[in-house]
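Encoded as structure tokens, the structure appears first; notes follow it.
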Amino acid sequence: MNLIIAILAITMTLSLVLAIVSFWLPQMNPDAEKLSPYECGFDPLGSARLPFSIRFFLVAILFLLFDLEIALLLPLPWGDQLLNPAGTLLWASAVLILLTLGLVYEWAQGGLEWAE
């Protein structure tokens with residue numbers, strides 16, 4: 001019983017200290033960009049028909065594509081509990097090799113360059 005009370009006391013104290021530090025630590029220097037309703041870098045009162053750089057969307061799609069590898073590899077620790085863990089390792093390696101080849105291709109084609 002004393003262990004549970006000690007763990008709860010440590011948890012509450014640590015949470016309280018972190019919450020207090022998080023309010024004191026940041027510097028509050030609001031400027032016009034931070035106070036605007038949209039922090040996207042565009043003027044919200046200007047024309048909505050300004051052309052976007054297609055690079056922004058390409059990099060976002062690439063991020064989502066390569067971020068999928070995390071979702072595909074999350075069950076990997078449970079996969080070694082199967083009857084044939086070598087098959088799990090084979091499929092995980094195939095996914096990683098495919099994504100690595102895709103990354104090398106995008107890098108070679110200049111798809112990861114934000115500005116030219």
Side-chain angles (χ1 to χ4, degrees):
M1 191 67 168
N2 288 336
L3 180 62
I4 294 175
I5 293 173
I7 290 174
L8 284 175
I10 291 171
T11 305
M12 294 296 283
T13 305
L14 185 61
S15 299
L16 185 65
V17 167
L18 289 175
I20 291 172
V21 167
S22 72
F23 282 112
W24 282 343
L25 203 56
Q27 296 178 357
M28 299 291 188
N29 297 327
D31 57 354
E33 287 294 322
K34 286 289 185 184
L35 294 176
S36 71
Y38 306 103
E39 290 187 33
C40 60
F42 298 108
D43 183 19
L45 302 176
S47 173
R49 302 286 180 208
L50 293 175
F52 284 143
S53 171
I54 196 71
R55 288 263 190 226
F56 174 77
F57 295 109
L58 288 177
V59 169
I61 289 172
L62 284 174
F63 173 75
L64 289 175
L65 177 72
F66 289 113
D67 196 44
L68 272 176
E69 81 179 69
I70 300 297
L72 291 173
L73 295 176
L74 276 176
L76 188 60
W78 291 279
D80 67 351
Q81 304 296 324
L82 296 174
L83 295 175
N84 185 11
T88 305
L89 182 63
L90 177 75
W91 285 110
S93 299
V95 168
L96 284 174
I97 289 170
L98 184 66
L99 286 171
T100 303
L101 289 174
L103 178 63
V104 168
Y105 176 76
E106 284 296 327
W107 196 342
Q109 293 295 320
L112 300 177
E113 298 293 328
W114 183 258
E116 296 179 24

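Throughout, residue positions are numbered sequentially from 1 according to the sequence presented.
When each of Leu3, Ile10, Ile5 is tested with Ile7 by the rule side chain to side chain contact (heavy atoms under 4.5 Å, CB included), just one qualifies, namely Leu3.
The CD atom of Glu106 sits 12.5 Å away from the CG atom of Leu101 when rounded to the nearest 0.5 Å. In this structure, CG on Leu8 lies 10.5 Å from OG1 on Thr13, to the nearest 0.5 angstrom. From Leu89, atom CG reaches atom CG of Leu96 across 9.5 Å, with rounding to the nearest 0.5 Å. For the atom pair CG of Leu83 and OG1 of Thr88, the computed distance is 10.0 Å after rounding to the nearest 0.5 Å.
Grouped by direct or indirect side-chain proximity (heavy atoms under 4.5 Å, Ile/Leu/Val/Met/Phe/Trp/Tyr only), Leu18 sits with Leu14.
Tracing side-chain contacts under 4.5 Å through hydrophobic residues (I, L, V, M, F, W, Y), one reaches Trp107 starting from Leu99; they form part of the same cluster.
For Ser15, the side-chain contact (heavy atoms from CB on, under 4.5 Å) test picks out Thr11, with sequence neighbours left out.
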